[in-house]
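Take a look at the structure below.
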Amino acid sequence: MFTMQIQNACLNFADRKILSDVSFTIDQKTRAALAGANGCGKSTLLKVITGILPADDIKISKTKGITVSYLPQSDIVLPEKSVYEVAEEGYDRFKSLVDEYEEIGKSLENITQKDKYSHLLSRMNEISELLDDVGYYHRKSRIEQILQGLGFKMSDMTSPSSTFSGGWQMRIALARILIENPDILLLDEPTNYLDIEAMVWLKNYLKSFDGGVILVSHDQGFLDDTVNTVYELFKGKLTKYSGNYTSYLKQREEEIAQLEKAYEMQQAEIEKTEEFIERFRYKATKAKQVQSRIKSLEKTELIEIPDHLKKLSFSFPQAPHSGNDVLVVENLHKAYGDNVIFDDFSFVVRKKERLAITGRNGEGKSTLLRILASVDPAFTGVVRDGSGVKKGYFAQDNEKTLTDSNTVLEEVESIADTKDIPRLRSLLGAFLFNGDDVFKKVGVLSGGEKSRLSLLKILLHPCNLLLLDEPTNHLDINAKEMLLEAIKAYDGTVIFVSHDTHFIKNLATKILYLSDDKPEFFEGDYDYFAYKLEEKEAKFLNSDKKAPSQEAIVENKVLSHQEMKAKRNMLQKKEKECDELLSSCDKLRAEIAVLDEKMADPTIYSNPDKITKIVKEKEEKEALLNQKEEMWFMLSEEVESLKENL
């Protein structure tokens, strides 16, 4: 068991304390999330741990030979190499051993006396075993497996890394970090650029990873599935909470309730003290008491509620009335040259549905949303709006619709209803525009800030069909929760593209999954969708010191609560269908028996018209019985298979 102890880490920027006596331990069993408000210093702490950023004071004690790898959330610069070559750099730390092995081999060519080369042979054997243990000689298959797990195709392996977008370059960097196979992984927002399939793969990889993991992420579902501890960074202090992220939120909710009571009591006491000071400030007989209270007030440490845990609220404008069929898509065909995105694709979106569109990047999610929003007319087929439908469309590049010369506040005031004006400041705060941020010019905002501002503008606009492309990007977990609750209460229809598992699970009434195969709809239950995705996409590394073999994982994998629940739900559903089919078969047999009796009746079989009609009806029912019996047989096999896997 290895350990890495961080003790008394301190760091100040000007008069602001970023880290104040931060201490904690990382070991082989660590699976921890680092939580806190945007800008509180989470990324800074990771950089301090790795030595990228010098601390004012810190002591780090660690087991000899321990390796630590860090993935920053941005500013990745890749070398001018192919995707495979960059990923292969994860094995660079073993190059010195390879070089030593080759040097020994060369020197042996010139040595003839046994007593002079026996120790060299021993060293060569030692190096060979070390390289074998880390899978160096089988690195090609492992590198390809990790790259494929993160969404790369075999045809991408030889492509220059510079030809990929920023998001895909982050995936290459993540692959290189995983291939390094360190003792400790420090990952800063690793899911930001992953689609849902790559996230499932990464989640499974981290479950099987035999080392310590510290994660920063805004995806609550991903954190719930991967961590058992949460460290909260607030005002430079680090506090530990046991359990996953949802457990942490529940614990903090109880603490916040107590904190709010203490805050109210403190504010009441401060008000009394200030009133006393003001009343007796100029009375000489009370000067001593006044000064005492002034000093006491100055020393009072004000109670604060962490920004990332403040309850935020937002509500949509009333949705105008629409018909029951909000969108009808018939025989949709969309292609870019020879690349066919959709072919003969038809579906209907009903009123008040929450349709989540998810799947691999590049499979047409944003394209479909643009078509539904009437932004992209280059398709064949029919896309028809229902009666009275008014759309609100948020695209990932929606910031282009903003006016650079406006302030943030002016930008939202330009489209807000009169009744919303008084609460615009609080709404902007919910979207992370606090204090003087609202007076910034739009032109100086970052890409993420512009995206958040565009989203708020869309949400303030009265409509009955919301089309949202990755609406949770650039929002922290608290702001996502606010948006989630607002959409739940919204009385219109929502179609949204997302890879955020927590958001999809708690909002979607139907899921459209886009992959290399034909589009597939999943009704309601996210657990079943996740189970099918796990079944299809989960991939694990071959045997090495940090990850068990494929066979071992299959044999030893312990199903998570969600997976087990999904399997049980599926089993119950299949058993119910089996029972219904058997009941239907029994009913058909009874009906066929009645027809046999009728055919034996002389008054009927002597009548050609009647007997012909009954014979035909019997043949139809027998054919239907055969069909249902075959369906029951296939379904019963599925039931048995599910039972065996529970």
Side-chain angles (χ1 to χ4, degrees), residues 322-334 340 342-353 355 379-387 509-525 528-529 531-532 535-536 566-646:
S322 72
N324 190 49
D325 290 350
V326 175
L327 268 178
V328 178
V329 178
E330 296 174 347
N331 310 117
L332 174 65
H333 179 88
K334 172 69 177 180
V340 177
F342 300 107
D343 188 40
D344 197 24
F345 183 32
S346 302
F347 64 96
V348 178
V349 178
R350 310 288 184 190
K351 187 176 181 178
K352 295 191 178 182
E353 274 188 350
L355 173 63
F379 64 88
T380 59
V382 175
V383 176
R384 184 171 64 252
D385 294 348
S387 173
T509 57
K510 184 186 289 187
I511 298 170
L512 171 58
Y513 176 59
L514 302 180
S515 64
D516 292 337
D517 301 324
K518 66 178 182 179
E520 186 175 3
F521 282 96
F522 292 83
E523 297 289 340
D525 192 347
Y528 175 57
F529 166 71
Y531 162 65
K532 295 301 287 183
E535 192 178 62
K536 178 183 177 184
K567 282 202 169 189
R568 288 199 187 103
N569 288 345
M570 196 59 201
L571 177 60
Q572 290 174 0
K573 182 180 177 183
K574 296 291 185 184
E575 285 180 331
K576 184 180 178 183
E577 289 178 13
C578 273
D579 291 341
E580 290 173 351
L581 278 170
L582 278 179
S583 177
S584 179
C585 288
D586 290 341
K587 184 179 178 182
L588 281 169
R589 289 191 191 96
E591 290 172 354
I592 290 170
V594 170
L595 291 174
D596 284 335
E597 290 177 6
K598 286 183 178 180
M599 289 171 65
D601 186 342
T603 61
I604 292 178
Y605 68 67
S606 60
N607 187 319
D609 292 335
K610 286 184 179 180
I611 193 66
T612 300
K613 184 178 178 181
I614 291 174
V615 168
K616 184 179 179 182
E617 186 179 354
K618 181 186 175 184
E619 288 174 348
E620 289 173 351
K621 289 187 181 295
E622 285 177 336
L624 185 58
L625 176 61
N626 288 335
Q627 182 183 353
K628 287 184 177 291
E629 285 178 338
E630 184 64 27
M631 288 171 64
W632 175 86
F633 179 76
M634 293 172 65
L635 204 55
S636 62
E637 284 190 331
E638 285 187 47
V639 167
E640 290 305 314
S641 176
L642 282 169
K643 284 180 178 178
E644 287 175 5
N645 291 324
L646 280 177

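- Note that Lys510 lies in the cation-pi zone of Phe521, set by a 6.0 Å cut-off to the ring centre and a 45° limit from the axis.
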Identify every side-chain donor-acceptor pair in residues 587-594 under 3.5 Å, counting partners at least two apart or on other chains, and give the distances.
from: Arg589; atom 1: NH1; to: Asp586; atom 2: OD1; distance (Å): 3.0
from: Arg589; atom 1: NH2; to: Glu629; atom 2: OE2; distance (Å): 2.6
from: Glu591; atom 1: OE1; to: Lys621; atom 2: NZ; distance (Å): 2.9

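- Considering only heavy atoms from C-beta on, Val383 comes within 4.5 Å of Leu327 through its side chain.
- Distance NZ/Lys618 to CD1/Ile611: 9.5 Å, rounded to 0.5 Å.
- At least one side-chain heavy atom of His333 sits less than 4.5 Å from a side-chain heavy atom of Val340.
- Contact record, Lys351 with Ser322: NZ-O, 3.4 Å, taken as the closest heavy-atom pair.
- In this structure Asp579 satisfies the salt bridge (Lys or Arg N to Asp or Glu O under 4.0 Å) test with no other residue, sequence neighbours excluded.
- By the salt bridge (Lys or Arg N to Asp or Glu O under 4.0 Å) test, Glu617 is found to be paired with no residue, residues two or more places apart in sequence or in another chain being considered.
- Here Lys598 pairs with nothing under the side chain to side chain donor-acceptor pair (under 3.5 Å) rule; sequence neighbours left out.
- Val382 places none of its side-chain heavy atoms less than 4.5 Å from the side chain of Val329.
- Note: Asp343 CG to Thr380 OG1 = 8.0 Å, rounded to the nearest 0.5 Å.
- Between Phe345 and Phe342, the angle of the ring planes stays under 30°, which puts this pair in the parallel group of the 30/60° scheme.
- No more than 12 heavy-atom neighbours from other residues, nucleotides or ligands sit within 6.0 angstrom of NZ on Lys352.
- With sequence neighbours left out, Asp601 forms a side chain to side chain contact (heavy atoms under 4.5 Å, CB included) with Thr603, Ile604.
- A donor-acceptor contact shorter than 3.5 Å links the side chain of Ser346 to the backbone of Asn331.
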For this session: With side-chain contact (heavy atoms from CB on, under 4.5 Å) as the test, would you mind laying out the steps for Arg350 and Asp325 before giving the verdict?
Result: CA-CA 5 Å; Arg350 310 288 184 190; Asp325 290 350; 2.3 Å; yes
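- Judged as a side chain to side chain donor-acceptor pair (under 3.5 Å), and not counting sequence neighbours, Asn607 has no contacts.
- Checked by atom type and distance alone, the side chain of Thr612 pairs as donor or acceptor with a backbone atom of Pro608 at under 3.5 Å.
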